[in-house]
Q: 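Take this structure first; my questions come after.
Labels below follow one simple rule: chain letters A, B, ... track the order of the sequence lines, proteins then strands, and each chain is numbered from 1.
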Number of protein chains: 2
Amino acid sequence: MTTMTQAMPSQPRKLPSQQRSRERVERILAVAGDLIAERGSDAVKMSDIADGAGVSIGSLYQYFPDKGAVIRTLAERYNQIGRECVERIMVDVASLDGLAEALKVVVDEYYGMFQDYPATRDIWSATLADKALRDIDAEDTRAHAAFLEKVLRKVGVEGDGTELTSYALLVMYLLCATVRLAITLPDDEARRVLDGYKVMAARDLLAKFAA
Amino acid sequence: MTTMTQAMPSQPRKLPSQQRSRERVERILAVAGDLIAERGSDAVKMSDIADGAGVSIGSLYQYFPDKGAVIRTLAERYNQIGRECVERIMVDVASLDGLAEALKVVVDEYYGMFQDYPATRDIWSATLADKALRDIDAEDTRAHAAFLEKVLRKVGVEGDGTELTSYALLVMYLLCATVRLAITLPDDEARRVLDGYKVMAARDLLAKFAA
DNA sequence: TAGAAACGTGAGCGTTCCTCACATTTGCAA
DNA sequence: TTGCAAATGTGAGGAACGCTCACGTTTCTA
């Protein structure tokens, strides 16, 4: 149980400025993602990543200060995919009912994302155990929530600022928690949990804000 | 990020049979809990635990086959506290409304447990990242759910078996997920998330089963 | 009181993360 | 083109930590 939990800059130690090194960094991340999906981040050695990317250990450490930095970089990329997923689904929502339906779709697609990008399972599993990843995650959830809040206002929900902010946070926290829990379950059980959550979340939204 | 994820017996390598060694094992666990609460399980070295307990490394490994076994043993103890908490609150429930209220109390007390036993925060955080801990956790959630299902039947809820089982699992999964998420937040924000969840869960229960 | 079983010890082995002194390649000004 | 500086690349080896094992000590039992 070694975690790269120390206070560590999430940023690469050095930004690659030449074409050659930028390609190397991409290759490193691609290999790392594949290996993590295949074996889990704990079982993947830095030397495995270096070998797989056709790069020396020294090169690897030139761009990533430690093993955690590789994982954090991947986590940030996957987070971005998640944000795009949420925003894509909610951008066209025009009514409260539409939002309730959109929430259900988000749950499904968010869950689907973990199946499309196998490394996300391991990385998100590791998230709660690692301070730096938790911070990345918290920031991401806030971004989700901020977007939901905008949508809530757009469909005519009123209320003082902090109340809406709290509610949006709650919904997105629960959504992320639920999905992250679901990926630890066998698929059929996961579906039941997610379906239950979808009904609950939509019902709660309408109960709270329907005129 | 080293996890003790391998398939490993959760049981001690050797059961202490003499008084002396039973006391040592208790001392080891007490020290481990304190150190983990203080520094987090990753930062705690096996040699730290041994030193703190006034015991040699060899002794430590005589009773715990690996570092993960220490943590799993603690996790199982804390799980038991959680089960007792849930059962204590729900044992006297006599009606659906009473159950809805009890659920709210469970959320608060479950959250309070993480504050009373500081090591639980770290250990539960690590749970998602570790296969063996996940299994312990899943089993625990099922125990919670089984109890809830009994209570549901007791207050007159009817339905075919698998449907109730699914619902009970959902409620308990969500409860655990929510609380575990809440402990990563500052207290005031955590309270808001939990309050929102309490309302949502109670409302969902009544909407689903109220005659 | 002796022998067996349980218990206790810590030097050191193996693995893995990561550093650092040095080599190579690239970009660019003269 | 050439030559120098900056950027990039290398891998042997240092350091940390989990864990083992051969041997010493205490407790139990008859």
Side-chain angles (χ1 to χ4, degrees), chain A residues 1-29 31-32 35-36 39-73 126 130 132, chain B residues 1-9 11-28 31-32 35-36 39-73 126 130 132:
Chain A
M1 193 175 233
T2 308
T3 322
M4 53 292 163
T5 302
Q6 310 84 350
M8 270 273 146
S10 169
Q11 280 312 309
R13 170 178 307 221
K14 184 184 231 172
L15 288 163
S17 70
Q18 295 176 4
Q19 180 68 15
R20 175 179 49 145
S21 50
R22 249 173 283 135
E23 284 169 2
R24 287 185 142 226
V25 168
E26 286 310 309
R27 210 159 62 233
I28 288 167
L29 289 171
V31 167
L35 290 178
I36 287 171
R39 304 181 207 164
S41 56
D42 287 334
V44 174
K45 294 179 266 184
M46 285 298 261
S47 56
D48 292 339
I49 297 174
D51 289 351
V55 152
S56 71
I57 302 260
S59 265
L60 185 42
Y61 278 95
Q62 185 154 28
Y63 298 104
F64 300 94
D66 55 30
K67 186 177 177 182
V70 177
I71 294 169
R72 287 194 294 278
T73 303
D130 186 274
Chain B
M1 189 175 237
T2 309
T3 322
M4 53 292 164
T5 301
Q6 310 84 350
M8 271 271 147
Q11 280 312 309
R13 169 177 311 218
K14 186 183 231 174
L15 288 164
S17 69
Q18 297 175 3
Q19 180 68 17
R20 174 178 51 146
S21 50
R22 249 173 282 134
E23 284 169 2
R24 288 186 143 224
V25 168
E26 286 310 308
R27 209 159 61 234
I28 287 167
V31 167
L35 289 177
I36 286 171
R39 304 182 207 164
S41 55
D42 288 332
V44 174
K45 294 179 266 186
M46 286 299 262
S47 56
D48 292 338
I49 297 173
D51 289 351
V55 151
S56 70
I57 303 260
S59 266
L60 184 42
Y61 278 96
Q62 185 155 28
Y63 298 104
F64 299 95
D66 55 30
K67 186 177 178 182
V70 177
I71 294 168
R72 286 194 296 276
T73 303
D130 185 274

Q: From dC19(D), dC18(C), dC17(C), pick the nucleotide closest to the side chain of Lys45(A)?
A: dC17(C)

Q: If you only use heavy atoms from C-beta on, which nucleotide in dT20(D), dC17(C), dT8(D) is closest to the side chain of Gln62(A)?
A: dT8(D)

Q: Asp51(A): which residues meet the side-chain hydrogen bond (donor to acceptor under 3.5 Å, both in side chains) condition with it, sequence neighbours left out?
A: none

Q: Using a 4.0 Å heavy-atom cut-off across all strands, classify Val44(A) as base, sugar-phosphate, or nothing.
A: sugar-phosphate

Q: For Arg39(B) and dC17(D), give me the distance from atom CZ to atom P, rounded to whole Å.
A: 11 Å

Q: Please determine whether a side-chain nitrogen or oxygen atom of Tyr61(B) lies at a distance below 4.0 Å from atom OP1 or OP2 of dT20(D).
A: no

Q: What nucleotide, of dC17(C), dG11(D), dG10(C), holds the atom closest to the side chain of Ile57(A)?
A: dG11(D)

Q: How would you summarise protein contacts on nucleotides 22-30 of chain D per nucleotide, using B for base, S for sugar-phosphate only and - for none, with heavy-atom distances below 4.0 Å?
A: ----SS---

Q: What's the closest nucleotide to the side chain of Ser59(B) if the choices are dG8(C), dT20(D), dG11(D)?
A: dG8(C)

Q: For Glu26(A), which residues count as a side-chain contact (heavy atoms from CB on, under 4.5 Å) partner, sequence neighbours excluded?
A: Leu29(A), Arg77(A)

Q: Are the side chains of Leu60(B) and Lys67(B) in contact, using a 4.5 Å heavy-atom criterion?
A: no

Q: Judged by each residue's nearest nucleotide on DNA chain C, which is more toward the 5′ side, Met46(A) or Gly58(A)?
A: Met46(A)

Q: List in chain and number order the residues that pass salt bridge (charged side-chain N to carboxylate O under 4.0 Å, His left out) with Arg39(A), two or more places apart in sequence or in another chain; answer none if no residue qualifies.
A: Asp48(A)

Q: Measure from CZ on Phe64(A) to P on dT16(C) and round the result to the nearest Å.
A: 21 Å

Q: Please check the phosphate of dC7(C) (OP1 and OP2 only) for any side-chain N or O of Ser21(B) closer than 4.0 Å.
A: yes

Q: Glu23(A) has an atom CD; how far is it from atom C1' of dT25(C), in whole Å?
A: 15 Å

Q: First locate atom CD1 of Ile71(A), then atom CD1 of Ile36(A), and finally report the distance between them rounded to the nearest 0.5 Å.
A: 5.0 Å

Q: Check salt bridge (charged side-chain N to carboxylate O under 4.0 Å, His left out) between Arg27(B) and all other residues, then give those that pass, not counting sequence neighbours.
A: none

Q: Nearest to the side chain of Arg24(A) - dG9(D), dT20(D), dG10(C)?
A: dG9(D)

Q: What is the distance from NZ of Lys67(B) to C1' of dT16(C), rounded to the nearest Å?
A: 14 Å

Q: To the side chain of Tyr63(B), which of dC7(C), dT9(C), dG18(D) is closest?
A: dC7(C)

Q: Between P on dT9(C) and CG on Leu60(B), what's the gap in Å once rounded to a whole number?
A: 11 Å

Q: Just how far, in rounded Å, is P of dG9(D) from CZ of Arg22(A)?
A: 12 Å

Q: Counting side-chain heavy atoms from CB outward, which of dG8(C), dC18(C), dG18(D) is closest to Asp66(A)?
A: dC18(C)

Q: Tell me, please, which residues at least two apart from Ser59(A) pass side-chain hydrogen bond (donor to acceptor under 3.5 Å, both in side chains).
A: Arg24(A)

